[in-house]
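Note sheet for the following structure.
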Number of protein chains: 2
Amino acid sequence: MTPEEIAVETIQREMTVFARRARASAGRMHPELSLVSYTLLGHLEESGGRRATDLAAHYALDKSTVSRQVAALERAGLIERRLDPEDHRVQVLHLTEAGREILAQVTRSRRAAFRERLADWAEEDLVRFAAYLERYNAGTSAGTGED
Amino acid sequence: MTPEEIAVETIQREMTVFARRARASAGRMHPELSLVSYTLLGHLEESGGRRATDLAAHYALDKSTVSRQVAALERAGLIERRLDPEDHRVQVLHLTEAGREILAQVTRSRRAAFRERLADWAEEDLVRFAAYLERYNAGTSAGTGED
DNA sequence: AACTTCAGTTGTACTATACAACTAGGTCGC
DNA sequence: GCGACCTAGTTGTATAGTACAACTGAAGTT
């Protein structure tokens with residue numbers, strides 16, 4: 001194998017390992033908020049008000065899946081739906097105060113876990129690694145995952 | 001935020017994105033072999049004969065989960081169990097010829113997907129990215145995932 | 001007004017998972 | 001050598017997340 005091939009193999013293997021581990025533990029680390037819920041809340045916070053359909057498209061989830069996730073988040077009081085006055089089919093989703101708090105809390109704990117794991121990395125390596133990951137994920141579809 | 005903090009944030013975010021995407025698509029890419037089954041088969045091929053308990057410990061899965069996965073893989077004819085003559089509680093798991101073939105096939109298709117995704121990366125970047133991922137995953141536990 | 005399209009919900013089914021209870025085989029202390 | 005414990009694996013039950021298909025209600029289109 002050429003160095004390229006070896007590197008591609010390694011990337012494949014390590015990404016797979018990571019995905020498996022993340023999947024195995026995501027639910028256990030933050031019982032309050034599954035990985036999907038966390039991601040959805042984060043997305044809502046960043047973008048400040050999205051429709052369920054947008055979320056489904058963005059995360060390649062079925063609209064029924066998003067509908068149930070959204071229902072659960074609403075039941076938990078973390079988001080609220082506001083009917084779009086212009087189009088009564090549409091519900092625009094917004095974080096509630098409680099949602100913002102939980103999100104901040106989970107973000108802190110996740111951030112702490114990552115920071116600890118990356119504690120002994122040099123700044124230069126962190127920056128490069130981050131850039132590689134962004135570049136990798138920016139490629140739409142394929143890989144262990146698609147979009 | 002310092003550059004380190006920004007980098008850590010980015011790594012966290014991108015790893016999360018990756019994990020979510022992988023989860024979403026793992027089942028769809030290779031209907032023959034889920035991500036977990038693929039990983040288990042790969043592990044058996046590499047290590048040539050493990051007990052279900054070993055697999056459970058290694059992947060932090062419950063033994064019941066592994067038991068069912070193993071049962072499915074056996075039903076599909078991809079692995080076989082051999083009773084340990086020394087200890088009749090133990091079943092040593094081995095790939096069958098069919099298992100080896102399917103594994104090789106899925107490995108090829110996964111590899112092709114990764115290769116395509118990484119096609120326009122310079123060799124130097126591939127090697128560095130691979131090294132970073134290995135380093136990241138080598139840290140046991142914590143992060144988005146544990147072991 | 002009749003179609004068609006779109007947003008979202010609900011019914012149903014499947015997979016991966018965990019935990020707990022159980023079975024069957026081994027080991028050890030005395 | 002037998003009872004108390006330990007270990008490998010299975011099975012019952014429950015849950016989460018997901019998809020697909022059928023449906024409801026609201027908006028556009030002609």
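When reading the values below, keep in mind they use all heavy atoms of this one structure, side chains included, and skip hydrogens, waters and symmetry mates. Order of the sequence lines fixes the chain letters, A, B, ..., with proteins taken first and strands second; residue numbering starts at 1 for each chain.
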Kindly indicate whether the side chain of Arg68(B) and the base of dT13(D) share any N or O donor-acceptor pair separated by less than 3.5 Å?
yes
So, is Ser67(B) near the phosphate of dG9(D), with a side-chain N or O under 4.0 Å from OP1 or OP2?
no
Options [options], nucleotide nearest the side-chain atoms of [X]:
X	options	answer
Thr65(B)	dA18(C), dA7(C), dC20(D)	dA18(C)
Gln69(B)	dA16(C), dG17(D), dA8(D)	dA16(C)
Gln91(A)	dC19(C), dG11(C), dG8(C)	dG8(C)

Please list, for nucleotides 25-30 of chain D, all pairs of protein and nucleotide N/O atoms separated by less than 3.5 Å.
{"residue": "dA27(D)", "atom": "OP1", "partner": "His88(A)", "partner atom": "N", "Å": "2.8"}

So, taking the atom named [atom1] in [X] and the one named [atom2] in [Y], what distance separates them when rounded to the nearest 0.5 Å?
X	Y	atom1	atom2	result
Leu61(B)	Leu55(B)	CG	CG	9.0 Å
Arg128(B)	Asp125(A)	CZ	CG	9.0 Å
Arg108(A)	Leu103(A)	CZ	CG	10.0 Å

Given the rule in the side chain to side chain contact (heavy atoms under 4.5 Å, CB included) test, do Leu95(A) and Leu78(A) qualify, once you have shown the distances and angles that lead to the verdict?
CA-CA 6 Å; Leu95(A) 280 179; Leu78(A) 306 184; 5.5 Å; no
Can you confirm whether the side chains of Gln69(A) and Ser37(A) place a donor and an acceptor under 3.5 Å from each other?
yes
Nucleotide [N], atom [atom2] - distance to [atom1] of [X] in whole Å:
X	N	atom1	atom2	answer
Leu61(A)	dT9(C)	CG	P	15 Å
Arg75(B)	dT10(D)	CZ	C1'	13 Å
Leu73(B)	dT10(D)	CG	P	12 Å
Leu93(A)	dT9(C)	CG	P	9 Å
Asp62(B)	dT11(D)	CG	P	15 Å

Walking DNA chain D from its 5' end, the first of Val66(B) and Lys63(A) to be reached, judged by nearest nucleotide, is Val66(B)
Which heavy atom of Tyr59(A) sits nearest to which heavy atom of His43(A), and what is that distance?
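Looking at all heavy atoms of both residues, the closest pair is OH-ND1, 2.9 Å.
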Show the nearest heavy-atom pair for residues Trp121(A) and Tyr136(B), with the distance to one decimal.
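Scanning both residues completely, I find the closest heavy atoms to be CZ2-N, 3.7 Å.
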Can you name the one residue among Arg81(A), Glu80(A), Arg51(A) that meets side-chain hydrogen bond (donor to acceptor under 3.5 Å, both in side chains) with Gln91(A)?
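So the option named by the test is Arg81(A).
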Could Asp84(A) and Arg89(A) be called an ion pair, given the rule that one side-chain N must be under 4.0 Å from one carboxylate O?
no
Of the residues in residues 47-55 of chain B, which ones touch DNA chain C at a heavy-atom distance under 4.0 Å?
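DNA chain C contact set from residues 47-55 of chain B: none.
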